[in-house]
Amino acid sequence: MKFVPERFGKDMAALEELREQLDEIDGQIVRLFEQRMKVCEGVGEYKVKNGKKVLDRQREKEKLADVSSRVTGDFNKKGIQELYEQLMSMSRKLQYRQLVEAGALGRLPFIKVDSLQKDTARVVYQGVEGAYGQAAMQQYFGKNCNCFHVRTFRDAMEAIEEGAADYAVLPIENSSAGAVNEMYDLLVEFENYIVAETILPVTHTLAGLPGTNLKEIEQVYSKAEALMQTTRFLDEHADWQQISVVNTAVAAKKILEDQDMTQAAVCSAYAAEVYGLSVLVDDINDEPGNSTRFIIATNQKIFLPEASKISICVEVAHESGSLYRLLSHFIYNDLNMTKIESRPIEGKNWEYRFFIDFDGNMEDPAVKNAIRGLREEARSLKILGNY
């Protein structure tokens, strides 16, 4: 198409005129927005004084139906609903802030403590001697801590819930294999809470009985995650049968007990040493910087003064936009969300609960504000810990 300067100039003039009209309309919208928020502030003051809930779902439903009926066309109807959802969301956030400022929110159900009394604590870890869990425990509590081990993650959670241990050291995430899903489910099931974390570098080795030759190996034992983290090395030996066990140290212990030269374990060098095995191949990790994040869990709702991360679990309505509306509380309160994981809800096909980590401390007004909003608007919310 041939370029015509005169026509281009006319089109630009028309566009500028349209933009001027938009600027004039936007100016009116801005003024009306401020008026609306001033009225919302009055609504918030009334609710604070009279102990009314911020969220009134029926009122909002009626408002959306009303404004939708005032416009024409499906596009405009959907657009006006989205606009008013945002306006009402901002109104709620203003009112949550008013509740916090008025002290109507109260304290979150967590108590600040100066320290964890590591020297006198009784600590439980999952696995047997030589497990990475033991190494993580010693890294946080020291090598001489009063400790014992159990077979499963559930056993460890039961131990702290029942008071047999003060703290449990449990893996929740690996830098290459991802989340330990079972731990997320157990954090929902048990009334236990995260109070600290420690990150342990993880270096896997292939270990076997002294004198074992790689050509003799037929079966390799390890934890499922460890097998996943050493896929490249194991793929070079496709004829080896990979067998999952509860723990890497359990795998090392099995090799010792079976006294079978055709078996090997993927485990730490420390576990190999504990069980008298030889390291056949050192450092077989897929990722050279592989590490595992361990949580320190307890049955008390406590947090340390320096706590800077909060973990929560939320369930939202199974409908369009519910998660988006929930996440807006982090944006509006300038809170940095660092992680989100989803897990299926048992008995509810295709419905999920979300596990979210974000920066903050329980004493921060922004955190209180966000949690108040999340608690009112989510189907359920559990604070898993501040650490």
Side-chain angles (χ1 to χ4, degrees), residues 1-49 52-102 314 316-337 340 354 356 358-359 365-367 369-374 376-378:
M1 180 174 134
K2 188 175 180 182
F3 175 67
V4 182
E6 294 83 1
R7 179 178 175 180
F8 180 75
K10 290 179 181 178
D11 289 345
M12 280 299 296
L15 177 61
E16 288 304 318
E17 185 178 343
L18 292 171
R19 284 175 172 170
E20 287 176 7
Q21 292 179 37
L22 285 174
D23 289 342
E24 184 178 345
I25 295 168
D26 288 340
Q28 297 175 47
I29 291 174
V30 169
R31 287 190 294 274
L32 290 171
F33 170 75
E34 289 201 314
Q35 289 179 33
R36 191 181 199 282
M37 293 306 290
K38 191 69 177 175
V39 173
C40 290
E41 191 174 342
V43 172
E45 290 173 359
Y46 173 85
K47 289 182 177 180
V48 169
K49 289 177 182 176
K52 296 288 186 180
K53 288 188 68 173
V54 169
L55 178 60
D56 185 340
R57 295 187 188 277
Q58 185 59 34
R59 163 70 177 168
E60 291 196 0
K61 185 177 179 181
E62 291 170 358
K63 171 62 75 173
L64 290 174
D66 177 54
V67 296
S68 178
S69 69
R70 293 168 182 257
V71 297
T72 57
D74 290 341
F75 186 87
N76 282 353
K77 286 181 182 295
K78 193 166 184 65
I80 199 74
Q81 284 186 341
E82 185 173 339
L83 172 62
Y84 268 82
E85 283 178 352
Q86 291 296 320
L87 286 172
M88 290 186 292
S89 175
M90 282 181 274
S91 173
R92 291 196 304 272
K93 291 177 177 68
L94 171 64
Q95 292 172 45
Y96 294 138
R97 189 175 71 184
Q98 288 174 284
L99 285 169
V100 172
E101 291 173 349
V314 293
V316 298
H318 190 50
E319 60 188 31
S320 175
S322 58
L323 180 60
Y324 167 77
R325 289 191 291 272
L326 205 72
L327 296 181
S328 69
H329 288 283
F330 298 104
I331 300 169
Y332 199 84
N333 288 288
D334 294 321
L335 295 173
N336 181 36
M337 190 176 74
I340 183 168
F354 297 91
I356 299 171
F358 62 97
D359 294 337
V367 169
N369 196 18
I371 288 178
R372 178 61 181 260
L374 291 167
E376 284 215 15
E377 296 178 26

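Quick note: residue numbers are just sequence positions, from 1.
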Residues at least two apart in sequence or cross-chain that pass side-chain hydrogen bond (donor to acceptor under 3.5 Å, both in side chains) with E17, listed by chain then number, are none

Side-chain donor-acceptor distances from residues 34-44 under 3.5 Å, at least two apart:
none

Run the salt bridge (Lys or Arg N to Asp or Glu O under 4.0 Å) test against E376 and tell me which residues pass, sequence neighbours left out.
R372

According to side-chain hydrogen bond (donor to acceptor under 3.5 Å, both in side chains), who are the partners of R57, at least two apart in sequence or on a separate chain?
none

Could you go through residues 66-80 and list every donor-acceptor pair under 3.5 Å that involves a side-chain atom there, pairing it with any protein atom two or more places apart or in another chain?
| unit_1 | atom_1 | unit_2 | atom_2 | d |
| --- | --- | --- | --- | --- |
| D66 | OD1 | R70 | NE | 3.4 |
| D66 | OD2 | R70 | NE | 3.2 |
| D66 | OD2 | R70 | NH2 | 3.4 |
| S69 | OG | D66 | O | 2.6 |
| N76 | ND2 | T72 | O | 3.4 |
| K77 | NZ | S68 | O | 2.9 |
| K77 | NZ | V71 | O | 3.2 |

Taking ring-ring contact (aromatic ring centres under 6.0 Å, His included) as the test, write out the residues that go with F358, two or more places apart.
F330

Who passes side-chain contact (heavy atoms from CB on, under 4.5 Å) against E319, sequence neighbours left out?
A317, S322, R325

For R97, check side-chain hydrogen bond (donor to acceptor under 3.5 Å, both in side chains) against everything at least two apart and list the hits.
none

For residues 82-92, run the donor-acceptor check on the side chains, cut-off 3.5 Å, and write out each pair with its distance to 0.1 Å, sequence neighbours left out.
| unit_1 | atom_1 | unit_2 | atom_2 | d |
| --- | --- | --- | --- | --- |
| Q86 | NE2 | Y324 | OH | 3.2 |
| S89 | OG | K93 | NZ | 2.5 |
| S91 | OG | Q95 | NE2 | 2.9 |
| R92 | NE | E377 | OE2 | 2.6 |
| R92 | NH1 | E60 | OE1 | 3.0 |
| R92 | NH1 | E60 | OE2 | 2.6 |
| R92 | NH2 | E377 | OE1 | 3.3 |

Under the side chain to side chain contact (heavy atoms under 4.5 Å, CB included) rule, what do L15 and D11 come out as? Steps first, then yes or no, please.
CA-CA 6 Å; L15 177 61; D11 289 345; over 6 Å; no

Taking N333 for its side chain and H329 for its backbone only, find out whether a donor-acceptor pair lies under 3.5 Å.
yes

Side-chain donor or acceptor of K47 paired with backbone N/O of K52 under 3.5 Å
no

Got a sec: does the CD of E24 have more than 12 other heavy atoms crowding it under 6.0 Å?
no

Side chains of V314 and L326 in contact at under 4.5 Å (non-hydrogen atoms):
yes

List for me each residue that meets ring-ring contact (aromatic ring centres under 6.0 Å, His included) alongside Y332, sequence neighbours excluded, and say none if there are none.
none

Qualifying residues under side-chain hydrogen bond (donor to acceptor under 3.5 Å, both in side chains), relative to E16, sequence neighbours excluded:
R19

For side chain to side chain contact (heavy atoms under 4.5 Å, CB included), just list the numbers for L22 and L18, CA-CA rounded to whole Å, side-chain angles, deciding distance to a tenth of an Å, and then say yes or no.
CA-CA 6 Å; L22 285 174; L18 292 171; 5.7 Å; no

Could you grab the distance from atom CD of E45 to atom CG of L99, nearest 0.5 Å is fine?
11.5 Å

